[in-house]
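So you know, we letter chains A, B, ... as the sequences are listed, proteins then strands, and number each from 1.
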Protein chains: 2
Amino acid sequence: MELNERKERILEVIIRSYIDTAEPVGSRTVAKQFKQSISAATIRNEMSDLEDMGFLVQPHTSAGRIPTQKAYRYYVDSIMKVKQLEEVLKRDIHEGYLKVAGDLEDIMTYTTNLLSDLTKYASVVLSPKVTWANCKHLQIIPVFKERVLVVVVTTEGFVENIELNLSKELTIQDSLRLSNIINSLLGGLHASEINHNLIDELANVTLEEKVLLREIVIGVQEALFEHHSQVMSTGVTNLLDYPEFADTDRVRHLVKVSQKKNILAEALIGDHYSEVLRITIGDENKGEELKELSLITTTYELQDNIIGAIGVIGPTRMQYDHVSSMLEYIRHEINQNLLKILLD
Amino acid sequence: MELNERKERILEVIIRSYIDTAEPVGSRTVAKQFKQSISAATIRNEMSDLEDMGFLVQPHTSAGRIPTQKAYRYYVDSIMKVKQLEEVLKRDIHEGYLKVAGDLEDIMTYTTNLLSDLTKYASVVLSPKVTWANCKHLQIIPVFKERVLVVVVTTEGFVENIELNLSKELTIQDSLRLSNIINSLLGGLHASEINHNLIDELANVTLEEKVLLREIVIGVQEALFEHHSQVMSTGVTNLLDYPEFADTDRVRHLVKVSQKKNILAEALIGDHYSEVLRITIGDENKGEELKELSLITTTYELQDNIIGAIGVIGPTRMQYDHVSSMLEYIRHEINQNLLKILLD
DNA sequence: TGTTAGCACTCAACGCAAAAGAGTGCTAAT
DNA sequence: ATTAGCACTCTTTTGCGTTGAGTGCTAACA
């Protein structure tokens, strides 16, 4: 749906104002922004049109108008421009990353806090998922009786712990030998090539060891498959400060959402087609729980593979432009930092 | 401060009623509980006395009275009796633990949920802290360049990961050899005996290896020292249902507290003198943030060492007796389960 | 002397109506 | 097509009497 220029400008003013104040916007307020070049009455007519077109609604007859989700969508698609972050801010952020560089977990926590601090909304960060396909090295450590700990290290240098119960208790020697067998396989082959049959055909390995190896490989594969990447989130308390979350029911709902890591993870994963930034507004969100919120997400990469995502959750009247710039830059910083870890 | 029997009974009725309803209690309400054996007027006199003594306050002249923190303290110390949990409930809880037995993390999450579900308050669980003193086995795994992962396994079968940056990159062989050296030390000595000097005096170890060993031991010790035990918490949303948290400011405050894991951890650790249960009411809490809440905590043990704590956070008008019974029994269950893991 | 009935008094809470205020839609003039 | 003017609508605020729960005091009573 295309709008003529004046309608578009009016819509923009209304959206901007509503994002700022959370108050319905009246024709006079809009007129003031136009410095008397158009009268309030004209704007009233235009606003009435915009309402008919589904861009605005009135909470009640004698109130101003507020933007609909359709309006936000139009704003995000056609009006808003994502600016570069100011240099000062960029520098500050960059310096922050310098301090945490090197440690993946630190980068992730720093990012989570940074996002919620700078945007004043809630932030979600999905840390890289360790997958069997990237497995480079593996270490088996006996913990207690038949229980062992398998530590998986990926080619990117990420680490994951998996606890398994085997059919037999291992000595330290056993565990070293088994680790060695798997690691020498990993040295020559790609992890995905290691399977059931391959283990059966190994030479110089007793039948008992084969059983254990199979238990371990399958156990690890299953665990990694089921294991979600870590979801970190902060800043729900930021959201509580906005008037739309003034009543207790909304708060309760919000707190519950923030605790359901899986909902957040799902929302963050979504489909990232070609665009870098993905913005979903209110109902556009998959989860029922996020219908009254907006989400802006982006991904981060290592060697052209998407390995995680970061995002910001806010009210539908979110500062889309500002948050977008922020995410774009922070995504860039993360990519740089991950690369640095890899090449260091 | 001692109260005569009648005052004590009146105070008890008022506290019970206020815990139930969160409404100020009037003389007539109390009189009804006494089945006309005392008149409302007499109770009014007694209540006036109790107010002078600091056990009751009036929100305003024409309202009933509500208990002060002093009253709750008196109730907890001198009136309340901690009953045994009903058998049915005990059985349910026990069966729940059977399902998660074996995995420490599962036990902890189950406990957290159980506590908040049963009490309808918020629960906090401090999982066992891995300390150097209990270190039984240790495994060094190269991750990337100079970065290594050290996996620590304690005598209790708990596991902790520590990432360190060493001064030199290790090969897999190096890391195995270094792990072996430390593990053979751990085999003969108690972990606390391993220090700087001991490493210097080792035979059959090159100077370079000694440097690395020192880096590792010190790095692990520092990391374990700084590493807090994990804090888990649920059920803040439960608290939002109570009328005392109806206004938004309180809610915001509450949500913020629940997110500050360190405050919760500190509150849980506290000083557990001789008593099993520790009850702190309102102002008695250390943190400024908990001044309007009450806390009941208890510890759990393994082989006579306190290794963690569990607790419930609620409004000051908390069901002290009920929560106490609950905690007492759950503590018992945890102890049993940990012992089972150890002996399994 | 301790207990109780009775009564005047206090004060939050509730309901209701009037007033204020913000904003619209319509009409008629430009 | 634009605009000024105005009646109309509906929320919000304010003020005010009413209600009701609960107290404290006094005087009578056991």
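Classification of the A:Y72-A:Y320 ring pair by plane angle, with boundaries at 30° and 60°, yields tilted.
When rounded to the nearest whole Å, the span between NE2 of B:H60 and P of C:dC9 equals 19 Å. Atom P of nucleotide D:dA1 and atom CG of A:D49 are separated by 12 Å, given to the nearest angstrom. Look at CD1 on B:I38: it is 8 Å from P on C:dT3, rounded to the nearest Å. Distance, B:E46 CD to C:dT3 P: 7 Å, rounded to whole Å. Rounded to whole Å, atom P of D:dA1 lies 10 Å from atom CZ of A:R6.
Residue A:V323 is tested with A:M318, A:E328, A:K120 for a side chain to side chain contact (heavy atoms under 4.5 Å, CB included); the sole match is A:M318.
Remark: A:D241 pairs with B:R252 by the side chain to side chain donor-acceptor pair (under 3.5 Å) rule, at least two apart or across chains.
Of all the residues in residues 10-18 of chain A, not one reaches under 4.0 Å from DNA chain C with any non-hydrogen atom.
Contact check on A:E46 versus A:R6 returns a salt bridge, with a Lys/Arg side-chain nitrogen under 4.0 Å from an Asp/Glu carboxylate oxygen. Using a cut-off of 4.0 Å between Lys/Arg side-chain N and Asp/Glu carboxylate O, B:R73 and B:D77 are scored as salt-bridged.
Judged purely by distance below 3.5 Å, without hydrogens or angles, the side chains of B:R317 and B:Y242 never pair a donor atom with an acceptor atom.
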Annotated protein contacts, base or backbone, on nucleotides 23-30 of chain C with a non-hydrogen cut-off under 4.0 Å, one of B, S, - each:
SBB-----
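With rounding to the nearest 0.5 Å, the separation of CG in A:N45 from NZ in A:K7 is 9.5 Å.
Heavy-atom contacts from other residues, nucleotides or ligands closer than 6.0 Å to CD of A:E292 number 12 or fewer.
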